[in-house]
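See structure below.
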2 protein chains.
Amino acid sequence: MARRPGAFECGTEAAMELIDGKWKVSILWALSEGVRRFGALRRMLPGITEKVLASHLREMEADGLVRREVFDVVPPHVEYALTPRGLSLNEALEPLGVWGERHVLGQVEDALR
Amino acid sequence: MARRPGAFECGTEAAMELIDGKWKVSILWALSEGVRRFGALRRMLPGITEKVLASHLREMEADGLVRREVFDVVPPHVEYALTPRGLSLNEALEPLGVWGERHVLGQVEDALR
DNA sequence: CCGTATCCCCACGGATACTG
DNA sequence: CAGTATCCGTGGGGATACGG
């Protein structure tokens with residue numbers, strides 16, 4: 001989706017642009033568990049391609065959500081971690097997650113009223 | 001965006017599928033102010049086309065977020081309103097909106113740390 | 001191990017015109 | 001007023017191969 005701003009110049013739209021990318025929320029979740037290396041992330045996200053993982057990480061880094069740390073050794077060693085900003089975004093997403101569990105994953109009786 | 005489920009079968013991904021569509025959050029907001037007619041929505045969402053508004057509304061209806069009520073008169077009269085489910089989704093989105101206002105719209109000092 | 005570099009597909013949304 | 005009906009362009013993401 002190219003989620004350019006819709007009608008309202010609201011915070012929700014603005015925030016959603018930062019998680020616009022098929023795997024970004026998953027990456028946020030994966031990193032919320034702690035620092036991870038590229039290969040570890042790839043393994044945590046079955047189905048993602050290296051190209052997409054790399055480009056998503058670059059964008060999230062540019063958006064200040066993720067910090068990338070390179071250790072200059074052989075073989076290469078790179079670590080990814082959430083910034084405070086990324087961590088707080090993940091927390092702001094939690095009510096949505098709760099809603100989804102309750103209203104989508106667990107079928108609730110008032111589903112279609 | 002085709003936001004099919006990512007790595008985690010989590011509520012966040014599930015919820016985000018329901019607001020996957022460029023204008024859906026805006027529609028949610030517009031309807032959170034009260035019942036609206038098709039033409040009124042179109043006017044509240046400058047830039048949206050009739051085709052997209054109609055298809056988004058139908059998807060949201062199928063997802064149980066919106067209720068459509070037809071009055072059989074001439075000229076046609078159709079009203080759209082949020083269901084309890086749509087209303088609660090909108091509420092679950094609020095923390096994200098607050099985060100966006102604080103961390104994106106209003107530039108915050110710890111933006112890139 | 002950690003990525004680029006290409007090529008390609010197709011779903012989504014925009015534009016436009018038309019109708020009960 | 002409240003929508004269909006078409007056609008079309010775009011770009012994000014998948015597949016694959018290769019490189020430091």
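Chain identifiers are assigned alphabetically (A, B, ...) following the order of the sequence lines, protein sequences preceding nucleic acid strands; residue numbering begins at 1 within each chain.
Phosphate contact (OP1/OP2 of D/dG12, side-chain N/O of A/H56, threshold under 4.0 Å): absent. The phosphate of D/dA2 (OP1 or OP2) has a side-chain N or O of B/R37 nearer than 4.0 angstrom. The phosphate of C/dG3 has OP1 or OP2 within less than 4.0 Å of a side-chain N or O from A/Y80.
The nucleotide whose nearest atom lies closest to any side-chain atom of B/R68 is, among D/dA2, D/dA15, D/dA17, D/dA2. Minimum atom distance to the side chain of B/K22 is reached by C/dG14, of the listed D/dC1, C/dG14, D/dA2. The listed nucleotides are C/dG14, D/dG14, C/dT4; the one nearest the side chain of A/R58 is C/dT4.
Using modelled atom types, one side-chain atom of B/R85 and one backbone atom of A/H103 make a donor-acceptor pair closer than 3.5 Å.
Using cut-offs of 30° and 60° on the angle between ring planes, the pair A/H77 and A/F71 is perpendicular.
Between the P atom of D/dT16 and the CD1 atom of A/I48 lies a distance of 16 Å, rounded to the nearest Å. At whole-Å resolution of the value, CZ in B/F38 and C1' in D/dT4 are 10 Å apart. We find that CD of A/E50 is positioned 10 Å from P of C/dC2, with the value rounded to whole Å. A straight line from CH2 of A/W23 to P of D/dG13 spans 11 Å, rounded to a whole angstrom. Rounded to whole angstrom, the span from the CD atom of B/E61 across to the C1' atom of D/dG3 amounts to 14 Å. Straight-line distance from the CZ atom of A/R42 to the P atom of C/dT4: 13 Å, rounded to whole Å. Computed from coordinates, the B/R36 CZ to D/dC1 P distance equals 16 Å when rounded to whole Å. Atom C1' of nucleotide D/dG12 and atom CG of A/L53 are separated by 15 Å, given to the nearest angstrom.
More than 12 heavy atoms of other shown residues, nucleotides or ligands fall within 6.0 angstrom of atom CD in B/E79.
Remark: B/T49 OG1 to B/H56 NE2 distance equals 8.5 Å, nearest 0.5 Å.
Where A/K51 and A/V78 meet DNA chain C, the nucleotide closest to each residue was compared, and A/V78 sits on the side nearer the 5' end. Positionally, the nearest nucleotide of DNA chain C for A/P76 lies more toward the 5' end than for the other of B/G47 and A/P76.
Side-chain atoms of A/M60 and A/I27, non-hydrogen and from C-beta on, do get closer than 4.5 Å to each other.
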